[in-house]
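Written below as structure tokens is the structure these notes are about.
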Amino acid sequence: MADTQTAPAEAATPERPEKQPKSVRVVLLALMIAMMLAMLDNMIVGTAMPTIVGELGGLEHLSWVVTGYTLATAASTPIWGKVGDMYGRKGAFLTSIVIFLIGSALSGMAQDMGQLIGFRAIQGLGAGGLMVGVMAIIGDLIPPRERGKYTGMMAGVMALAMIGGPLVGGTITDNWGWRWSFYINLPLGVVALALVTAVLHLPRKRAKARIDYLGVALLTVGITSIVLVTTWGGTQYAWTSARIMELIGIGVATLVGFVFWQTRAAEPVVPLHMFRSRNFTLMSVIGFITGFVMFGATLYLPLYQQSVQGASATNSGLLLLPMLGAMLVTSMIAGRVTTNSGRYKVFPIVGGALMIAGLYLLSLMDTGTTRLTSGIYMAVLGLGMGCLMQITMLVAQNSVELKDMGVASSSTTLLRTLGSSFGVAIMGALFNNRVQHVMAERGGEMGKHMTEKSAALDAKSLAKLPPLLRDAYQHAVSAGTHSAFVLGAAVAVPVLIAAFFVKEVPLRSGPQKPSNDGADGADGAEAVAPAPVIDAV
């Protein structure tokens, strides 16, 4: 047993040549396809929604097509991570792909809005395991010291999904029909299934402990309540309404109960000892705020570009290229430097500073800002996010024992998801309030009436407005964007503060226990796991 444990650790030195690089690339290709499926789906479907509503009806339930998917994804994310840790990463990952594909096929066959919402929830259950599975398997396959080389691939997939999603969705809907927005997942998913099944072999696990069902139930209810508050607050219900207050009360009570129960559960869903690690806790905070900022920016920048700068819906996606391109390049550079030097603390510090600067610059945009200027501002924000996106996951995984790799990945992913929900909701509430105020101020009673139900107008509606109201609306959107990005800059300040407290401990160069960052939870006597096996191709 000792021999089998020692060999992988000795082989995994920074100087060693890559083992079976072709096979590793095949597995990584399959993982990137699965990651793209999870990220691309909502963006493709969003473009097809007007056509879906036109055929199926049920406009009043439209938001649930997205909400049902998001809820199922968020609630299942930590569960998939724990199941992978207990029973084996490969089986959990393959199961999540199958569930996602079943949900995709059923969604494409939906005959009414109720069916579509239910099938989207099934799809979301599978999606919760896709991102976690990708991160955790990469954590198993590649030591943290070498993992930086592959962060550019993940950043590239993310950028491709954000830019290509609306374009692909529009093309598919126009030429093949909206049902292919879901069916397109099937061939990609089958390729990922076949590659992972044939090439990847991870050590089998069989846990004696049972899944913590009470913990799962408490966490699911808590996450569901939080997501519903951020989804409904300020839109379907006022923030001070009884329904929102009830959801907040349920969410707080169940999450407090969840934390209490996790200290007593035999096999907790989220082992709280991970948070004794300073670096893991700091990365969780940074990941939450990065999600808050990134999704808020990607939501309101296209709106500003369409309403104020006159870009089409398609071009507004392409105009995000400065931000996404800068994020991709910086992520690749950060990964390479981390791999070659083993140093990483500088990136959260620089990333936090650039994120604050970028958000502040974006808050300066007004009705006279050119596309070149806004592109430069977006690039600054992208540089900051590129320093943070993958480094947070890398340091978080390096801060826990191998047996907790799945829950560490799922916890970090969940917090980023919740951060995005809060970002969209809070920045959206501030944006809408500011737009309505300026419209009432500049457009009088007609302007106030025009934005009572929604502060966002599509390009066609905007073109039909009288010049006076159109000018008022452009100023209103500019003011709303300013407020949203000022909030984002303020929220990003804790990232910079947290980054200074990160302790730069050596990145693991093999499957040994994590380096101690001064926390009790980081130096447990974890046995060295056998190395994963990848078949030669």
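Within the model, atoms OG1 of Thr220 and CG of Leu71 stand 10.5 Å from one another, a figure rounded to the nearest 0.5 Å. Taken from CG in Leu214 to CG in Leu219, the straight-line distance is 11.0 Å, to the nearest 0.5 Å. To the nearest 0.5 Å, the span separating CD1 on Ile244 from OG on Ser225 amounts to 10.5 Å. Put simply, CE on Met323 and CE on Met327 are 6.5 Å apart, with the number rounded to the nearest 0.5 Å. In this structure, Leu282 CG and Ile497 CD1 are separated by 11.5 Å, a value rounded to the nearest 0.5 Å. Between the OG atom of Ser363 and the NE2 atom of His482 there is a distance of 5.5 Å, given to the nearest 0.5 Å.
Remark: Ser181 pairs with no residue by the side chain to side chain donor-acceptor pair (under 3.5 Å) rule, at least two apart or across chains. The ring-ring contact (aromatic ring centres under 6.0 Å, His included) search around Phe100 returns none, not counting sequence neighbours. With sequence neighbours excluded, no residue satisfies ring-ring contact (aromatic ring centres under 6.0 Å, His included) with Tyr360. Not a single side chain to side chain donor-acceptor pair (under 3.5 Å) links Arg434 to another residue, sequence neighbours left out. Here Tyr183 pairs with nothing under the side chain to side chain donor-acceptor pair (under 3.5 Å) rule; sequence neighbours left out. Contacts of Glu504 classified as side chain to side chain donor-acceptor pair (under 3.5 Å), with partners at least two apart in sequence or in another chain: Arg343. By the ring-ring contact (aromatic ring centres under 6.0 Å, His included) test, Phe275 is found to be paired with Phe280, residues two or more places apart in sequence or in another chain being considered.
Looking at Leu381 and Met355, their side chains come closer than 4.5 Å, going by heavy atoms from C-beta outward. The shortest side-chain heavy-atom distance between Met427 and Phe292 falls under the 4.5 Å cut-off. In this structure, the side chains of Gln397 and Ile138 stay at 4.5 Å or more apart for every pair of heavy atoms. By the 4.5 Å heavy-atom criterion applied to side chains, Thr481 and Leu362 are not counted as neighbours. Using a 4.5 Å heavy-atom threshold, the side chains of Leu130 and Leu37 count as touching. For the pair Val495/Leu388, a side-chain contact is recorded, criterion being any heavy-atom separation below 4.5 Å from C-beta on. At a threshold of 4.5 Å between non-hydrogen side-chain atoms, the residues Phe182 and Leu116 count as touching. Side-chain contact check for Ile248 versus Ile226: every heavy-atom pair is 4.5 Å or farther apart.
Without hydrogens or angle criteria, Asp212 side chain to Ala266 main chain gives no donor-acceptor distance under 3.5 Å. Between the side chain of Glu267 and the backbone N or O of Ala265, no donor-acceptor pair lies under 3.5 Å. For the pair Trp239 (side chain) and Met245 (backbone), a donor-acceptor distance under 3.5 Å is absent. When atom types are taken as modelled, the side chain of Thr254 and the backbone of Gly251 share a donor-acceptor pair closer than 3.5 angstrom. Within the 3.5 Å criterion, the main-chain N or O of Lys503 finds a donor-acceptor partner in the side chain of Asn279. Ser96 places a side-chain N or O within donor-acceptor distance of the main-chain N or O of Phe93, the cut-off being under 3.5 Å. In this structure, Ser241 contributes its side chain and Tyr237 its backbone to no donor-acceptor pair below 3.5 Å. For the pair Lys345 (side chain) and Ala499 (backbone), a donor-acceptor distance under 3.5 Å is absent. Put simply, the side chain of Lys82 gets close to the backbone of Pro268: a donor and an acceptor are under 3.5 Å apart.
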Does the side chain to side chain contact (heavy atoms under 4.5 Å, CB included) test come out yes or no for Leu28 and Leu31, once each step is laid out? CA-CA 5 Å; Leu28 287 173; Leu31 296 179; 4.2 Å; yes
What's the verdict on side chain to side chain contact (heavy atoms under 4.5 Å, CB included) for Val196 and Val27, showing C-alpha distance, side-chain angles and the deciding distance? CA-CA 6 Å; Val196 171; Val27 173; 5.7 Å; no
Kindly indicate, with the supporting measurements, whether the criterion side chain to side chain contact (heavy atoms under 4.5 Å, CB included) is fulfilled by Val98 and Leu193. CA-CA 8 Å; Val98 171; Leu193 268 177; 4.1 Å; yes
Would Val400 and His273 count as a side chain to side chain contact (heavy atoms under 4.5 Å, CB included) here? Give the steps. CA-CA 9 Å; Val400 302; His273 67 76; over 6 Å; no
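Among pairs with a residue in residues 485-498, none fulfils salt bridge (charged side-chain N to carboxylate O under 4.0 Å, His left out), at least two apart in sequence or across chains. Judged as a ring pair (Phe, Tyr, Trp, His ring centres under 6.0 Å), not a single pair has a partner in residues 105-143 (not counting sequence neighbours). Residues in residues 92-120 take part in these salt bridge (charged side-chain N to carboxylate O under 4.0 Å, His left out) pairs, two or more places apart or across chains: Asp41-Arg120. Listed by first and then second residue, the ring pair (Phe, Tyr, Trp, His ring centres under 6.0 Å) pairs that reach into residues 395-428 are Phe288-Phe422, sequence neighbours excluded. Residue pairs meeting the salt bridge (charged side-chain N to carboxylate O under 4.0 Å, His left out) criterion with at least one partner in residues 222-235, sequence neighbours excluded, do not occur; the list is empty.
Partner Arg416 forms a side-chain hydrogen bond (donor to acceptor under 3.5 Å, both in side chains) with one of Thr77, Thr392, Thr290 and no other, that one being Thr392.
Across all their heavy atoms, Leu359 and Ala492 have their closest contact at CD1-CB, 4.0 Å. Here the closest non-hydrogen pair linking Leu414 and Ala74 is CD1-O, 3.4 Å. Here the shortest heavy-atom pairing between Ala127 and Tyr69 reads CB-OH, 3.3 Å. Across every non-hydrogen atom of Ile289 and Val491, the tightest pair is CG2-O, 3.5 Å. Nearest heavy atom pair, residue Leu186 against residue Leu101, reads CD2-O, 3.5 Å. Among all heavy-atom pairs drawn from Arg89 and Ala136, the shortest one is CD-CB, 3.3 Å.
There is no side-chain donor-acceptor pair under 3.5 Å between Arg278 and Ser399.
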